[in-house]
Amino acid sequence: MARREVVRRHMSEMPKAYDPGAVEGPIFTSWMTGKYFEQPVVEGAEPFAVVIPPPNVTGSLHMGHALNNTIQDVVIRRSRMTGRPTRWIVGTDHAGIATQNKVEQMLASQDLSRYDVGREKFIELCWTWRSEHGSIIIEQLKRMGCSCDYSDEWFTMDPSYQKAVRTVFVDWFDKGLIYRGKRIINWCPRCSTALSDIEVEHEDLDSHLWHLRYPLKEPVGGVDHVVVATTRPETMLGDTCVAVHPDDERYVALVGATVVLPLLGREIPIVADDFVDPAFGTGAVKVTPAHDPNDFEIGERHGCAKINVMAADATITEEGGPYVGLDRYEARKRVVADLEALGLLVKTDDHVHSVGHCYRCHTVIEPWLSDQWFVDMKPLAAPAIEAVRDGRVTFHPKRWENVYFHWMENIRDWCISRQLWWGHRIPVFYCDACGETTASLDDITVCPKCGATDVRQDEDVLDTWFSSQLWPFATLGWPENTPELGLFYPTSVLSTARDILFLWVARMIMSGMYFVDGEVPYKDVIIHPTVFNAEGKRMSKSLGTGVDPLDLMEHYGADGMRFGLMLQTTGSQDIRFAEDKLASSRNFANKIWNASRFVLMNIAEDYEPGEPVVETVADAWVLSRLAGLAAAVDEGLTTYQFGDVARSLYDFFWSEFCDWYIEMAKPRLTAGGASAQIVQRNLVFVLDQALRLLHPMMPFITEEIWQRLPLPQADRAQSLMIAAWPDPAKLARFSDEGAEQSVSRLIEIVSGIRGVRARYNVPPKQGLQAVFKTASETDNAWLEAEFGLMSRLAGVSGFSAGTDQTKPAHAAAFVAGGLEVFVPLEGLVDFDAEKARVARQLEVARGDLAKLERKLSNEGFLAKAAPEIVEKDRAKAAELFDTVATLESQFAELDG
RNA sequence: GGGCGAUUAACUCAGCGGGAGAGUGCCUCCCUUACAAGGAGGAAGUCACUGGUUCAAAUCCAGUAUCGCCCACCA
């Protein structure tokens, strides 16, 4: 009922310019009210699901989100229109470190730390923070028009999600895939937590290679010291041996000797180890097993002590003797200075080396020895590698599969424990009485082994990515065996940025296959381009190099931003964000608006909705082009070629529908009668189909217009969102090669005449005459039939045509569509200019002809090229030959 | 150290074996009853370089240069 009113809205309500701000809000509300985002499951139809990469609750929309969510919405809306039960699962990620940082900052503003408020209160504050800020990004997705199922919004700390996380942990723990160990991990002294290897960002920094002289306790063969090279001199406080290569003749005699560690006086051995590269530095390595993964290995092999000289905040511990309490960089300075004072600093070389930084706060990470929980990844990786290899999961573009394989085949164990408070607490309980360690789905207070009642839970929480990896099935209700899980798993497409390929994508495949019957979590993975700024730099809020999607939507509309992004999403090329593309898209929206306004304005009072009818070549042409468009769009979306699709839509709508078909339709509309009725139907039909094809990329404007279209009953729907997607197979009936050729020819001739008009500055209102010298009776008939259109489009009021026509005096002349065209211009022709122009054309035509003739006289070409190519070139050569002859005679005439 | 991507018109980018394209910008004309966020016309490119494959190369292969990205236990 409400819809009826909407349809009846008169076009006078359509302002001359499209105003996205006035349209988008109400349209989105109507979608929400209509519950179109929650499409019911239909028996027999193949479900289609996408899980959104859950944005952090701390997040706000940036250009990466804008692009990624446009892609997902395009795919989702297209699927929904094809009638498949379609769900876009939405939600947010609790984002352990990021959220904890936010709340800690908040506390810091009151001069408080998390320790001041305590764990319980702190977690409570995190929940409060989440409820106050966590839905900002969800609202921004709505602003973009994203058609997620907001009625079922997920959060990675929901009770059922917590259950999924615990189920996974306990299962892997019981299977021995999760273990605890004392290892060198990546420690962020600022966040005060361990990080996994892939949460560390390496950056080459200019630094130094310090050469330190370590004295021997007793000289060996006259040698009283060994020189080691290091990039982190402060770690020498934790040195427990010096290593050399066993075959290094310079040092072989020293193996087994004792070094007195400077500054601390500790006696440490010289050991031989294959790891040492004799060519690097001095060939002698100071070994600090507690502060370097390689040194850890060497230390293990030689039974050296592991002395931890650094505290959690990267200050020196008591093990560092006089340096206790100093920050690591202050300690570095002091150690170097003190060694220099002792004459033990041999030299300081400039040295560039790669330094790891925390991916959350960019603090330099410290390799640090500590007790952590790990996942044994190799057994999980094997089936996930296989799934991509055999095509159960396909990456787009495909080359990302190699990146995936490389990482998966060299996968290392995953450190999953974090020394944070906000997150999924590790469900492990220790019994101090009997030493038992238990992983449990439910909290326990009694030791299952000895019955002691003072069990305590592990203090750490899990890596946020540990819970994120469960997203595709935890959001479908797993570990319960829900109907949703059966219907929508595996999901259809995952679209994401490449920087979380390992952190998230790979891990979802591994855990999904492990827990859901060996089934992959999604069939297609789209790795979309990264959006950079105009200078090609990463967009960054802190550096002020970013562009805010909300501002863009303000200026260009949500549709303008979406379409502009889609235009730039081509191949695998990263996007240097070009705002002028958004301006064209906003203009495009305006074009759609005005073309629609024109169509609606020209619908007669007694208009009867109905099927399109081919009355003229223009009708046949536009329907044929539409059929081609539908096929191209459908195919392009299937293969995720978003840029191609956007361009096809743009070109069809603007260049073909607006510039030519609407212009060709005008005389018929003005004339009225049966022909007007037919052309109205065709205009409505083509517009309707075009709006459907445009809808996934430009949902708002298309919906707003579509509601006003007078469609046949069968084509109607409550919303364009759920209207039928144009079926290329059905539209193929409109394909008409002949009509396409005929109109191409017409366009060529009209453009030629317009060119004459522009060259001689003939005012638009001044009519022109045209004389066509044709080659056959067929041409004459064709001209006779199509002249009406031509006259309107080129402003030609009269014509004569025939095989015997000759060039009138004072006429401009050109060749187009296989005809010689003369436009008499009494007194207007500038002979010199015209001569120069014809000469130029002649030169080009002769050049082309010569090139073609050379090709056609090449026996290799004739023998080996495909016959249809040869045929095409022959026809082209014949045409060029005629053109050259014509131009030559024109030139001769001008000469005389 | 290993790998990947890019190099096409002034700018941003398509095209990826057989006629060099688009948008923006620029030049000329036009406020024509859908749209000046518009219409019509136009100028503008040894497709980075070198070699190879092919009847045919912007397109495939190899190498070079420049820029960018990723991976790697680079004391």
Side-chain angles (χ1 to χ4, degrees), chain A residues 11 14 16-18 184 197-198 202 204 209-210 228-232 235 243 275-277 280-288 292-297 351-354 367 397 399-400 402-403 406-407 410 412 498-499 501-502 530 532 534 536-537 556 560 567-568 570-581 583-602 643-644 647 650-651 655 658-659 662-663 666 670 751 754-759 761-765 794-795 848 851-852 855 858-866 869-870 872-873 876:
Chain A
M11 64 92 7
M14 290 180 77
K16 264 179 82 169
Y18 174 58
I184 298 283
D197 295 334
I198 48 179
H202 291 274
D204 279 346
L209 189 60
W210 285 273
V228 296
T230 181
T231 54
R232 293 189 298 151
T235 61
F275 170 80
V276 179
D277 173 7
F280 188 92
T282 62
V285 186
K286 59 183 272 313
V287 178
T288 322
D292 183 278
N294 296 315
D295 291 8
F296 180 86
E297 297 295 329
H351 184 68
V352 175
H353 73 134
S354 173
R399 64 191 162 82
W400 288 104
N402 287 329
V403 180
H406 183 257
W407 188 73
N410 297 287
R412 288 180 291 163
R498 61 168 173 266
D499 53 359
L501 179 58
F502 308 142
T530 303
F532 295 104
K537 295 269 157 51
Y556 305 101
L567 273 174
Q568 293 177 77
T570 53
S572 56
Q573 179 76 299
D574 284 334
I575 296 172
R576 268 193 190 204
F577 182 69
E579 203 163 324
D580 61 24
K581 288 281 198 317
S584 344
S585 298
R586 183 250 273 127
N587 296 354
F588 182 46
N590 197 234
K591 191 74 183 177
I592 295 169
W593 184 256
N594 278 292
S596 306
R597 213 159 65 90
F598 174 81
V599 171
L600 290 167
M601 188 165 31
N602 280 284
D644 289 347
R647 221 166 303 112
Y650 186 96
D651 290 343
S655 307
C658 292
D659 289 350
I662 287 184
E663 293 306 321
K666 281 177 180 174
T670 323
S751 299
R754 283 173 175 171
V756 170
R757 187 183 282 282
R759 257 196 325 282
N761 241 324
V762 183
K765 291 201 170 111
D848 288 352
K851 220 163 74 182
L852 214 49
K855 197 171 170 185
N858 180 336
E859 289 190 16
F861 173 71
L862 296 174
K864 293 185 178 175
I869 297 289
V870 177
K872 211 175 107 192
D873 280 350
K876 200 159 48 177

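Here is the naming used below: chain letters follow the sequence lines, and residue numbers restart at 1 for every chain.
Put simply, Lys876(A) has a side-chain N or O that comes within less than 4.0 Å of OP1 or OP2 on G19(B). Contact annotation: Thr282(A) does not reach the phosphate of A75(B) (side-chain N/O to OP1 or OP2, under 4.0 Å). Taking side-chain N and O atoms only, Lys591(A) has a distance below 4.0 Å to OP1 or OP2 of G39(B). When the side-chain nitrogen and oxygen atoms of Lys537(A) are compared with OP1 and OP2 of G68(B), none of them lie within a distance under 4.0 Å. Dashed line: the shortest gap from a side-chain N or O of Arg412(A) to OP1 or OP2 of A72(B) is under 4.0 Å.
In the set G23(B), A34(B), A40(B), A34(B) carries the atom at the smallest distance from any side-chain atom of Lys666(A). The side chain of Asn761(A) sits closest to C29(B) out of C29(B), G23(B), G41(B). Closest to the side chain of His406(A), from the set A75(B), A34(B), C71(B), is C71(B). Of the candidates A40(B), C74(B), A36(B), the closest approach to any side-chain atom of Arg754(A) belongs to A40(B). Side-chain proximity of Cys658(A) to the nucleotides A75(B), A34(B), U12(B) is greatest for A34(B). Here the side chain of Ser354(A) is nearest to one of A37(B), G23(B), C74(B), namely C74(B). Closest to the side chain of Ile869(A), from the set G18(B), A34(B), C29(B), is G18(B). Checking A34(B), C71(B), G41(B) against the side-chain heavy atoms of Phe502(A) singles out C71(B) as nearest. Listed nucleotides: A37(B), G18(B), U12(B). Nearest to the side chain of Asn587(A): A37(B). Distances from the side chain of Ala595(A) to the nucleotides G5(B), C13(B), A34(B) place A34(B) closest.
In a base pair of the Watson-Crick type (N1 to N3 plus N6-O4 or O6-N4) or a G-U wobble (N1-O2 and O6-N3), with each distance short of 3.5 Å, A75(B) is matched with no nucleotide. Within the shown strands, A62(B) is the pairing partner of U50(B) under the Watson-Crick or G-U definition, both distances less than 3.5 Å. The partner of C69(B) is G3(B), by the rule that a Watson-Crick or G-U pair needs both atom distances under 3.5 Å. For C16(B), there is no paired base (Watson-Crick or G-U wobble, both distances below 3.5 Å).
Classification of the Phe588(A)-Tyr650(A) ring pair by plane angle, with boundaries at 30° and 60°, yields tilted.
Within 4.0 Å (heavy atoms only), Arg586(A) reaches at least one base atom of the nucleic acid. Within 4.0 Å of Val285(A), counting heavy atoms only, lies at least one base atom of the nucleic acid.
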Walk me through it: do Asp292(A) and Ile184(A) pass the test side chain to side chain contact (heavy atoms under 4.5 Å, CB included)?
CA-CA 7 Å; Asp292(A) 183 278; Ile184(A) 298 283; 5.9 Å; no
